[in-house]
There are 2 protein chains.
Amino acid sequence: MVLSVETSYQNALNKREVILRAARQCFVQHGFHATGMAEICSAAGMSAGNLYRYFQNKAAIVRAIADETRARIVPVYERLQTHQNPVEAIVQIILHSLQEFCRGTDSRLWLEVLAEASRNDEMRELYISFDHEIRESLKKLLRRAVKGDGRTPGIDIEAASVWLIALLDGAIARVSIDPHVDLEKIMGTLAASIRRCLKVQQA
Amino acid sequence: MVLSVETSYQNALNKREVILRAARQCFVQHGFHATGMAEICSAAGMSAGNLYRYFQNKAAIVRAIADETRARIVPVYERLQTHQNPVEAIVQIILHSLQEFCRGTDSRLWLEVLAEASRNDEMRELYISFDHEIRESLKKLLRRAVKGDGRTPGIDIEAASVWLIALLDGAIARVSIDPHVDLEKIMGTLAASIRRCLKVQQA
DNA sequence: ATAACGAGAGTGAACGTTTATTCTCACAAC
DNA sequence: GTTGTGAGAATAAACGTTCACTCTCGTTAT
């Protein structure tokens, strides 16, 4: 019957999600390499044999997690593209991204992705394509900001986009390491700095 | 004999350094957890049994590497403390640090340290104490900059120090992941941004 | 109504490696 | 002859992965 096929498909999706949730939790605690399959299995409440019905191997799980983490951020960039004030749009993007990463424990996961991307080719390509995508969004906004301002652009748009992302990645690192960090305050001063850098043009 | 003790001590130091150099190389390639002791042994041209005479275990090697990496940066901060122009001193510090990390492959190692610090308590303490130390240096300079400027400080000194380090960490991540990055250009625009943020105070 | 069938979900022990670490023994120096 | 230095085999645990197998159900045949 058609219905049964559909429910089984749904079921498989659910199982994959259960596994991913479990794996995410383990990876946050011990990192990609120091997490064993047995750990993931027990966190998912599942036997090893069964888990391997849903993922080909450990690498596939890691890939899925990295993809998922990345996918959560992209919409933020697209949503704010239509904001009328481009500088404020940029500020909002960075703030939203930071919040999105730092709610829960995704920041640690992202740090793990960064480290992995620096040596694993597949992960590097993922990071770079992700980076390209979101920096294109930023550059569009930066161009609008420079034009709208009516002054000679003292800003190197390419460089500015790089620095915004670096600032974000650095902030994620800090938040995920230092337990005493005050996210609210951090975000306030971050916004101020970005505004200062982007709005004030000097000869 | 006194001399023999001394040379043997020297010898042991050399051996430790040989091992650390080898380990560093391996860690850069595969990270702390994915690097095996056998790998380090063969890179150091040494048997396992012998290597364990110089380090208690793998964790001790990791600790030593992290310490070493950190120790390489601290002097930069101290050296520039006496610079007469505090803003330029800050710019120089950040630029030097970036260069120090990105010469060779230390940037990857630092990324590894960051990821590890987010979950391993010992590494976290190392990072935080390091961070505290260098931010104290930055804060001294920032205070001088604010006073010297003679204007009402529009800058939150604590926050500014945090953001400078975040910027640095983010930049390190980028350099170590993206092979196409132009370090010279990056450093130029970084300096400009910092100057803009720190020098120009607005109501 | 019931027996036979088959597919999907699930198990957990076992596989062959690889891991970090230790043990044993040989050589060299003084 | 003792001590320091080294190699390399040995160990046991842990690793990712696979295996043969069971259990559960819905479908079909009788």
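Remember, it's a predicted structure, so these values are computed and weren't measured experimentally. Each chain gets a letter, A, B and so on, in the order the sequences are listed, and its residues count up from 1.
Dashed line: the shortest gap from a side-chain N or O of Lys15(A) to OP1 or OP2 of dG10(C) is under 4.0 Å. At the phosphate of dA9(C), neither OP1 nor OP2 sits under 4.0 Å from any side-chain N or O atom of Asn50(A). Taking side-chain N and O atoms only, Lys58(A) has no distance below 4.0 Å to OP1 or OP2 of dC15(D). Checking the phosphate oxygens (OP1, OP2) of dC19(D), no side-chain nitrogen or oxygen of Tyr52(A) falls inside 4.0 Å.
The two residues Ala166(A) and Leu167(B) come nearest to each other via the heavy atoms CB-O, 4.4 Å. Contact record, Arg119(B) with Arg108(A): CA-NH1, 4.2 Å, taken as the closest heavy-atom pair.
dT19(C) atom P lies 14 Å from atom NE2 of His33(B), rounded to whole Å. For the pair Phe55(B) CZ and dA20(C) P, the computed distance is 15 Å after rounding to whole Å. Atom CD1 of Ile19(A) and atom C1' of dG10(C) are 12 Å apart (whole Å). As rounded to whole Å, 13 Å separates atom C1' of dT21(C) from atom CD1 of Ile40(B). For the pair His30(A) NE2 and dA14(D) P, the computed distance is 14 Å after rounding to whole Å. Here the P atom of nucleotide dC23(C) and the CZ atom of Arg53(B) are 14 Å apart, to the nearest Å. Rounded to an integer number of Å, the gap from CD of Glu39(A) to P of dC15(D) is 8 Å. Asn57(B) has its CG atom 5 Å from the P atom of dT21(C), to the nearest Å.
Minimum atom distance to the side chain of Ala48(A) is reached by dA13(C), of the listed dA13(C), dG10(C), dA9(D). Proximity note for Ser47(B) (side chain, C-beta onward) versus dG12(C), dG8(D), dA9(C): the nearest is dG8(D).
Computed from C1' positions of five pairs at each end, the angle between the two local axes of the helix from dA1(C)-dT30(D) to dA26(C)-dT5(D) equals 20°, rounded to 10 degrees.
Ser107(B) pairs by the side chain to side chain donor-acceptor pair (under 3.5 Å) definition with nothing, not counting sequence neighbours.
Note: Trp110(A) and Phe130(A) meet the aromatic proximity criterion, with ring centroids under 6.0 Å apart.
Ile40(A) has its side chain within reach of Phe27(A): a pair of non-hydrogen atoms, C-beta onward, lies under 4.5 Å apart. No side-chain heavy atom of Val28(A) sits less than 4.5 Å from a side-chain heavy atom of Glu112(A).
Rounded to the nearest 0.5 angstrom, Glu184(B) CD and Thr189(B) OG1 are separated by 11.0 Å.
Of the two residues contacting DNA chain D, namely Gly49(B) and Ala38(A), the nearest-nucleotide position lying further toward the 5' end is that of Gly49(B).
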